[in-house]
Amino acid sequence: MTAPSRHALVPFVSVDNMMKLVLHIGVERMMTELAAEIEADFLRWPLFDKTPRVASHSEVGVIELMPTSDGETYGFKYVNGHPSNMKKGLQTVTAFGLLADVATGYPLMLSEMTLLTALRTAATSAMAAKWLAPKGTRVMAMIGNGAQAEFQALAFKAVCGIAEVRLYDIDPAATAKCARNLAGRGLNVVSCNSAEQAMEGAQIVTTCTADKQYATILTDNMVGSGVHINAVGGDCPGKTELHRDILLRSGIFVEYPPQTRIEGEIQQLEADHPVTELWQVIAGQAEGRSDARQITLFDSVGFAIEDFSALRYVHSRLKDSGLYQNLDMIADPDDPRDLFGMLLRAGAAQAA
Ligand code: NAD
């Protein structure tokens with residue numbers, strides 16, 4: 001990373017510019033490239049600073065900070081999760097994030113991350129399924145058809161070769177929206193009336209619902225052998241999607257155990273229930289799917305390294321794309337010790 005200039009203007013990627021960047025690159029190509037970035041960073045897992053995210057809970061939701069560093073670059077994301085927002089016409093999840101230069105502590109980029117979170121979550125899900133799902137998987141059930149859903153479907157198409165996505169949501173309007181948005185993108189989209197119907201013939205099941213409770217989106221009898229479950233919506237204490245009995249039958253793969261034990265489906269299990277860290281599977285240090293009949297579960301909660309990878313991906317494209325504005329957010333006087341003098345000079349200039 002290059003050192004910031006004396007007049008430290010910080011590039012800012014707005015929602016508008018993020019949309020332009022995604023449309024310029026193409027959603028599926030960006031999913032494939034993000035999945036590769038995240039996978040490469042999972043291979044470097046031991047060198048990252050890691051901590052469970054810092055969460056501030058309320059009755060209706062959570063606000064979280066997600067920091068990490070690889071020793072050269074530091075990143076953090078601010079993200080919320082408010083399932084009741086949608087009924088007020090607000091997003092369930094919004095986010096923004098920052099990259100900084102470890103050598104100086106100066107910010108390198110500030111970015112919207114609501115879209116980027118949907119992209120990185122989907123890319124991570126698909127990357128995990130590439131390692132864990134049964135070979136030759138073509139059909140995915142998609143339960144919960146809200147803001148994240150189309151991103152998930154397209155990431156699985158691009159990274160795993162999914163050809164059919166079977167949609168279900170308790171709100172038929174969400175399913176209709178999702179089917180409409182996915183039309184003409186080379187996926188066979190089937191709208192279903194129940195989770196059971198959505199799961200017919202599906203080798204991958206993605207659950208991506210939002211409800212602040214111990215929900216039971218899938219019961220034990222719904223999950224046959226050999227299925228890969230990509231559980232995205234259970235990501236907070238007291239907010240899960242799967243019946244406990246499914247967990248007891250599954251090989252469970254997680255991002256960062258100290259965080260997932262608090263937030264993931266496995267909060268329902270004993271604290272020492274065995275789980276496998278996904279990075280170890282990628283690095284060849286742990287077994288992935290053991291056989292064709294095993295149920296594999298990616299207990300996704302979202303980890304800071306995925307956001308770091310996504311922010312670095314966007315940062316690496318700034319110069320070529322020009323899709324940013326400069327923010328005057330770091331006071332940087334010519335004489336570093338003359339911060340007050342900078343204020344006085346500004347006052348004098350104003351008075352003149
Ligand atoms: P959203 O509110 O836009 O959509 C959620 C959908 O779930 C809604 O359409 C709702 O009708 C549906 N739903 C609720 N209960 C259901 C049920 N019992 N059966 C079927 N459908 C049901 O939310 P979103 O932005 O799409 O996020 C979905 C979930 O994913 C949230 O819980 C969010 O916190 C989580 N999330 C996780 C990660 C991660 O990294 N693991 C990242 C982003 C979001």
Side-chain angles (χ1 to χ4, degrees), residues 34 38 53 55 57 60-64 66 77 79-95 97 113-128 141-153 155 166-179 181 191-199 205-219 222 229-243 253-256 259-260 262-266 278 297-307 309-310:
L34 275 175
I38 295 166
R53 58 186 156 195
H57 296 281
V60 287
V62 65
I63 295 177
E64 297 164 323
M66 304 172 68
K77 179 168 87 173
V79 63
N80 76 306
H82 285 67
S84 56
N85 268 6
M86 193 248 301
K87 291 196 177 77
K88 301 179 202 156
L90 301 173
Q91 292 291 117
T92 297
V93 175
T94 68
M113 288 193 79
T114 305
L115 276 162
L116 197 57
T117 292
L119 289 156
R120 78 80 156 119
T121 303
T124 305
S125 286
M127 189 271 284
M142 181 77 233
I143 301 174
N145 303 153
Q148 311 296 318
E150 295 88 338
F151 296 90
Q152 289 279 331
R166 302 174 63 83
L167 307 177
Y168 172 68
D169 194 292
I170 38 168
D171 181 357
T175 303
K177 173 257 350 174
C178 193
N181 287 342
S191 301
C192 302
N193 297 319
S194 66
E196 287 83 353
Q197 191 191 351
M199 288 173 69
V205 182
T206 290
T207 54
C208 196
T209 66
D211 204 352
K212 201 159 171 39
Q213 60 159 326
Y214 294 106
T216 313
I217 307 303
L218 302 184
T219 52
M222 290 164 74
I229 305 171
N230 170 42
V232 179
D235 59 357
C236 237
K239 177 165 171 270
T240 57
E241 293 181 303
L242 308 181
H243 192 281
F253 299 83
V254 302
E255 291 143 314
Y256 181 56
Q259 183 178 308
T260 313
I262 300 168
E263 301 179 351
E265 296 300 326
I266 58 171
L278 182 60
L297 164 62
F298 177 45
D299 187 1
S300 156
V301 291
F303 190 58
I305 293 175
E306 296 146 24
D307 299 307
S309 315

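Count residues from 1 along the sequence. One-based numbering, in listed order, for ligands and for the atoms of each. What you see is a predicted model; the values in this text were computed from it and never measured.
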TODO: Carefully, step by step, assess Val79 and Met113 under the rule side-chain contact (heavy atoms from CB on, under 4.5 Å).
DONE: CA-CA 8 Å; Val79 63; Met113 288 193 79; over 6 Å; no

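The shortest N/O to N/O separation between Gly233 and ligand 1 falls below 3.5 Å. Considering backbone and side-chain N/O of Ala147, one or more are found under 3.5 Å from N/O of ligand 1.
Looking only at protein heavy atoms, the nearest one to atom 8 (C) of ligand 1 is Asp169 OD2, 3.4 Å. Nearest protein heavy-atom contact of atom 17 (C) of ligand 1 is Ile217 CD1, 3.6 Å. Taking atom 29 (C) of ligand 1 as the reference point, the nearest protein heavy-atom neighbour is Thr209 O, 3.2 Å. Looking only at heavy atoms of the protein, atom 27 (O) of ligand 1 is closest to Gln148 CG, 3.4 Å. Residue, atom and distance of the protein heavy atom nearest to atom 4 (O) of ligand 1 are Gly146 CA, 3.2 Å.
When Asp235, Val79, Asn85 are checked for heavy-atom proximity to atom 34 (O) of ligand 1, Asp235 turns out nearest. Between atom 40 (O) of ligand 1 and the options Lys239, Arg120, Glu306, the minimum heavy-atom separation is to Arg120. Among Leu218, Ile170, Thr94, the residue whose heavy atom lies closest to atom 15 (N) of ligand 1 is Ile170.
For the residue pair Asp169 / Thr175, no side-chain donor-acceptor distance below 3.5 Å is found, with atom types taken as modelled. A side-chain donor from one of Ser125 and Asn230 sits under 3.5 Å from a side-chain acceptor of the other. The closest side-chain donor-acceptor pair between Gln152 and Gln148, if any, does not fall under 3.5 angstrom.
At a threshold of 4.0 Å, the pair Glu64-Lys77 does not count as salt-bridged, since none of the basic side-chain nitrogens sits closer than that to a carboxylate oxygen.
Residue contacts with ligand 1, taken as heavy atom pairs separated by less than 4.0 Å, involve Ala174 solely via side-chain atoms from C-beta onward.
Other residues, nucleotides and ligands contribute over 12 non-hydrogen atoms within 6.0 Å of the NZ atom of Lys88.
Every atom of ligand 1 is numbered from 1 in the order shown, and the set under 4.0 Å from a heavy atom of Val301 is 39 (C), 40 (O), 41 (N).
The backbone N or O of His243 lies less than 3.5 Å from no partner atom in the side chain of Thr216, so there is not a single donor-acceptor pair. Not a single donor-acceptor pair under 3.5 Å links the side chain of Glu241 to the backbone N or O of Ala231.
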